[in-house]
Peer 1: 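Below is the structure I would like to discuss, written out as structure tokens.
For this chain, numbers begin at 1 and follow the sequence in order.
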Amino acid sequence: MNLLDQQYTKTPFYGVKRMTAYLRQLGYQVGEDRVRRLLRQMGLDAIYQHPNTSKPNSEHQVYPYLLRHVPISRCNQVWSTDITYIRLAKGFVYLMAVIDWYSRYVLDWSLSTTLEADFCVDTVSSLLHNGLRCEIFNTDQGSQFTSPRFTRPLIEQGIAISMDGRGRARDNIFVERLWRSVKYECVYLRQFETVSQARAGLKEYFEFYNHERLHQSLDYHTPAQVYLANNSSDNKSFYQPNSILIL
């Protein structure tokens, strides 16, 4: 599962057949059925289909994608969230995070041992309770995000809901880039034994990511420098990135 996780992060377009061939080249005598079962257990699937972390619910309303050809020009214009797999020494947990597209600032994050909607609902509810708002909230079509428990508080706050189009991996590209950074710069460099260790390690990493990690796309500023300065009435002359256009 660790090998599958690392290869998926490198080549998220690999399906079951390619993943099986990859493991066989490493000397593992595995069949496609086992690889498919492990990928499903981890919540991973090739990007031309939506990951298993995001199984749709036919009874939930799906919202249209609102961001194609829309310039992202300010903080709190668009937030986005997603779920990824985090490996432990024995087992795994799921990580979700909410990111501001313009600044790449991680507003909040949470871990869960299951894919129930609770940890997603609680994380976003906490942001709203603390008075934070965005104009558009983008997710995929997973049942955690189409659940009325997740969408209703956003609608009540006047926030427009946008959902990725089927088969469009780039619709949520900023969260996918975040997951790649988290995996290569934190998870793969450590061996988390327990959920509490993973939580402590990820907390440390997200502090680094927000407040110390320099981003080339932000002209080598940190997400916190851009997000906090652009949300402060005391500093309107701070660096502002160019507008981002999602194709």
Side-chain angles (χ1 to χ4, degrees), residues 43 50-67 72 74-86 92-164 171-179 181-182 195-196 198-207 209-211 223-224 226-228 230-232:
H50 277 275
N52 251 15
T53 49
S54 303
K55 288 184 178 179
N57 185 319
S58 59
E59 297 181 359
H60 293 172
Q61 180 177 351
V62 173
Y63 294 80
Y65 185 68
L66 304 178
L67 299 170
I72 310 303
R74 56 194 177 276
C75 293
N76 295 328
Q77 179 185 0
V78 178
W79 293 354
S80 190
T81 190
D82 199 1
I83 302 171
T84 194
Y85 156 98
I86 299 293
F92 54 91
V93 290
Y94 297 105
L95 167 67
M96 69 86 67
V98 181
I99 189 173
D100 174 69
W101 276 23
Y102 183 71
S103 65
R104 316 297 203 276
Y105 186 74
V106 176
L107 295 136
D108 204 354
W109 59 277
S110 182
L111 286 180
S112 175
T113 56
T114 73
L115 280 172
E116 299 300 322
D118 293 358
F119 75 125
C120 302
V121 173
D122 292 344
T123 302
V124 174
S125 295
S126 178
L127 290 172
L128 299 178
H129 179 74
N130 289 327
L132 296 176
R133 300 287 185 277
C134 64
E135 299 170 28
I136 301 173
F137 200 114
N138 189 72
T139 72
D140 62 30
Q141 297 180 22
S143 60
Q144 299 92 342
F145 307 127
T146 57
S147 166
R149 293 176 56 219
F150 185 90
T151 58
R152 187 180 300 113
L154 298 173
I155 295 171
E156 290 175 348
Q157 295 296 331
I159 298 172
I161 298 173
S162 169
M163 292 185 175
D164 300 347
D171 288 352
N172 216 356
I173 192 168
F174 296 116
V175 180
E176 295 302 326
R177 289 174 178 172
L178 173 65
W179 293 156
S181 298
V182 169
V195 177
S196 60
R199 183 172 287 108
L202 288 166
K203 179 180 180 181
E204 180 181 330
Y205 177 76
F206 282 123
E207 285 292 320
Y209 176 91
N210 274 339
H211 297 279
V226 176
Y227 184 80
L228 299 178
N230 279 272
N231 282 282
S232 170

Peer 1: Whether the side chain of T81 engages the backbone of A97 through a donor-acceptor N/O pair (distance < 3.5 Å, no angle test) should be reported.
Peer 2: yes
Peer 1: Side chains of Y63 and I155: does their closest heavy-atom pair fall under 4.5 Å?
Peer 2: yes
Peer 1: Does Q157, at its CD atom, have more than 12 non-hydrogen atoms belonging to other residues, nucleotides or ligands within less than 6.0 Å?
Peer 2: yes
Peer 1: Looking at N130 and L132, would you say the former's side chain and the latter's main chain have a donor-acceptor pair under 3.5 Å?
Peer 2: no
Peer 1: Can you measure from CD1 (I99) to CG (N138) and round to the nearest 0.5 angstrom?
Peer 2: 12.0 Å
Peer 1: To the nearest 0.5 angstrom, please state how far the CD atom of E135 sits from the CH2 atom of W79.
Peer 2: 11.0 Å
Peer 1: For residues 109-141, pull every pair meeting ring-ring contact (aromatic ring centres under 6.0 Å, His included), keeping only residues two or more places apart or in separate chains.
Peer 2: W109-F206, F137-F150
Peer 1: Less than 4.5 Å apart, any side-chain heavy atom of I83 and any of C120?
Peer 2: yes
Peer 1: R133: which residues meet the salt bridge (Lys or Arg N to Asp or Glu O under 4.0 Å) condition with it, sequence neighbours left out?
Peer 2: none
Peer 1: Would V182 and Y209 count as a side-chain contact (heavy atoms from CB on, under 4.5 Å) here? Give the steps.
Peer 2: CA-CA 9 Å; V182 169; Y209 176 91; over 6 Å; no
Peer 1: State the NE2-CG distance between H211 and L228, to the nearest 0.5 angstrom.
Peer 2: 6.5 Å
Peer 1: With no hydrogens and no angle check, is any side-chain donor or acceptor of Q144 less than 3.5 Å from a backbone partner on L115?
Peer 2: yes
Peer 1: On a heavy-atom basis, which atom in C75 and which in S103 lie closest, and how many Å separate them?
Peer 2: SG-CB, 4.0 Å
Peer 1: Indicate yes or no: at least one non-hydrogen side-chain atom of V226 is less than 4.5 angstrom from one of Y105.
Peer 2: no
Peer 1: Atom CD1 in I86, atom CZ in R199: separation rounded to 0.5 Å?
Peer 2: 12.0 Å
Peer 1: For A160, give me all partners under side chain to side chain contact (heavy atoms under 4.5 Å, CB included), at least two apart in sequence or on another chain.
Peer 2: L66, I136
Peer 1: If you measure from CG on D82 to CG on D164, what distance do you get to the nearest 0.5 Å?
Peer 2: 7.5 Å
Peer 1: Could you check whether any side-chain heavy atom of R104 comes within less than 4.5 Å of a side-chain heavy atom of F174, counting everything from C-beta outward?
Peer 2: yes
Peer 1: Side-chain contact test, heavy atoms from C-beta onward, threshold under 4.5 Å: evaluate it for Q61 versus T151 and give yes or no.
Peer 2: no
Peer 1: Going by heavy atoms in the side chains, are D118 and R149 under 4.5 Å from each other?
Peer 2: yes
Peer 1: Taking atom types as modelled, find out whether N76 and Y102 have a side-chain donor-acceptor pair closer than 3.5 angstrom.
Peer 2: no
Peer 1: From L178 CG over to S80 OG, what is the distance, rounded to the nearest 0.5 angstrom?
Peer 2: 10.0 Å
